[in-house]
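Take a look at the structure below.
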Amino acid sequence: FLDYYDDEAEVVFGLQVNAEGRISFAYNPYSRSKIGVLTNTNTERGVLGIRSFIDENYNNFFDAGDEVIQGLTFNGSGISLAPSDRSGVSYYRGLSKDSIYPVTVNYNDLDNLDISPVQETIRVKIISSKVSYIDYMFVYSGLVDGNLLLENYPLERVRVILRDLDGAEAGEYITEHDGYFYFPNVPTGEYVLEVSETSSNRLEMHKSLSFPVILTKDHLFAEYLQPN
């Protein structure tokens, strides 16, 4: 199995001839221009290509405006040929066919601390004598924390919930003795931070407390000290 690929542009292809004379091809839509060679003398094994990029518009696809990430390697993915190139793609070989490999980024290679993986571990099933491709997506993520106070009194063991504008729960936290709460790795967007109905009733509040939260690429930190 001999696989030729372009690690910078538009063409990656492979050619395999087995004992029965059958030929199969592999194509990589991610490459660009310089030709490289992947060799695999064992047709019981396969090759994995991983493209890394920042999903700027959160649509789970690579499209115009998304930034590829160079210099990344991954754990649990076989033998690395090189870190991700200018196309954001890295290749791994020597993977056993029909095996499932967990793919996790090597965080030591990640220079941008403001991004985090959409899915930290992706499991990939390998097909012999083929090049399999996956997208490993990152998004900008922020931090929401603070101390929940009422009339300068910390509210302990209060359940606070972070929801997006569609009402989906993005996280919850039980406040600590000083009213502290903490939501890490929150994707950019608009949210509402609210005190749960159960906690509001326990505290005999007339209405539930809620706070708007906006995280952007340029403002990834939000802190709230007390309700208005």
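Along the sequence shown, residues carry numbers from 1.
Shortest non-hydrogen contact noted between Lys217 and Glu56 is NZ-OE2, 3.8 Å. The nearest pair of heavy atoms linking Gly49 to Tyr91 is CA-CD2, 4.0 Å. The minimum heavy-atom distance linking Arg51 with Phe62 is given by the pair NH1-CD2, 3.3 Å. Nearest heavy-atom pair, Leu72 versus Val105, reported as atom, atom and distance to 0.1 Å: CD1-CG2, 4.0 Å. For Val139 against Val118, the heavy-atom pair with the smallest separation is CG1-CG2, 3.6 Å. In plain terms, the two heavy atoms of Phe181 and Leu148 that are nearest each other are CE2-N, 4.0 Å.
Formation of a donor-acceptor pair under 3.5 Å by the Asp66 side chain with backbone atoms of Asp63 is found in this model. Of the possible donor and acceptor atoms, one in the side chain of Gln119 sits under 3.5 Å from a partner among the backbone N and O of Thr121. Within the 3.5 Å criterion, the main-chain N or O of Val195 finds no donor-acceptor partner in the side chain of Ser199. Here the side chain of Asp55 pairs a donor or acceptor atom with the backbone of Asn60 at under 3.5 angstrom. Checked by atom type and distance alone, the side chain of Asn112 pairs as donor or acceptor with a backbone atom of Asp114 at under 3.5 Å.
Leu162 and Phe221 fall within the same hydrophobic cluster, defined by Ile, Leu, Val, Met, Phe, Trp and Tyr side-chain heavy atoms under 4.5 Å apart, directly or through other members. Connection of Tyr58 to Ile69 is established within a shared hydrophobic cluster, with ILVMFWY side chains joined at heavy-atom distances below 4.5 Å, either directly or through further cluster members. Residues Phe211 and Leu215 share a single hydrophobic cluster, defined by chaining ILVMFWY side chains whose heavy atoms lie under 4.5 Å apart. Cluster annotation: Ile50 and Ile127 are assigned to distinct hydrophobic clusters (Ile/Leu/Val/Met/Phe/Trp/Tyr, side-chain heavy-atom contacts under 4.5 Å, transitive). A continuous path of hydrophobic side-chain contacts links Tyr107 to Ile54 [ILVMFWY only; heavy atoms under 4.5 Å].
Side-chain N/O atoms of Glu120 and Tyr136 include no donor and acceptor closer than 3.5 Å. No donor-acceptor contact under 3.5 angstrom links the side chains of Thr104 and Asn75, judged on distance only. Using modelled atom types and a 3.5 Å distance limit, the side chains of Ser84 and Ser52 yield no donor-acceptor pair.
Between Val186 and Ser141, every side-chain heavy-atom pair lies at or beyond the 4.5 Å cut-off. Side-chain contact check for Leu203 versus Val158: some heavy-atom pair is nearer than 4.5 Å. A 4.5 Å side-chain heavy-atom check between Pro212 and Tyr191 finds every atom pair outside the cut-off.
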Can you check side chain to side chain contact (heavy atoms under 4.5 Å, CB included) on Leu220 and Leu143, steps first, answer last? CA-CA 6 Å; Leu220 292 171; Leu143 171 68; over 6 Å; no
Residue pair Met137, Phe53: steps toward the side chain to side chain contact (heavy atoms under 4.5 Å, CB included) verdict: CA-CA 5 Å; Met137 295 176 288; Phe53 66 92; 3.2 Å; yes
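Rounded to the nearest 0.5 Å, atoms CD (Glu190) and CD1 (Ile214) are 4.5 Å apart. Distance check: Tyr92 OH to Phe74 CZ gives 5.5 Å after rounding to the nearest 0.5 Å. How far OH of Tyr173 is from CZ of Arg159: 14.5 Å, rounded to the nearest 0.5 Å. Annotation: the span from Leu95 atom CG to Ile100 atom CD1 amounts to 13.0 Å, rounded to 0.5 Å.
Within 6.0 Å of the CZ atom in Arg202, the count of heavy atoms belonging to other residues, nucleotides or ligands exceeds 12. Summarising the local packing, CD of Glu156 is surrounded by more than 12 heavy atoms from other residues, nucleotides or ligands at distances under 6.0 Å.
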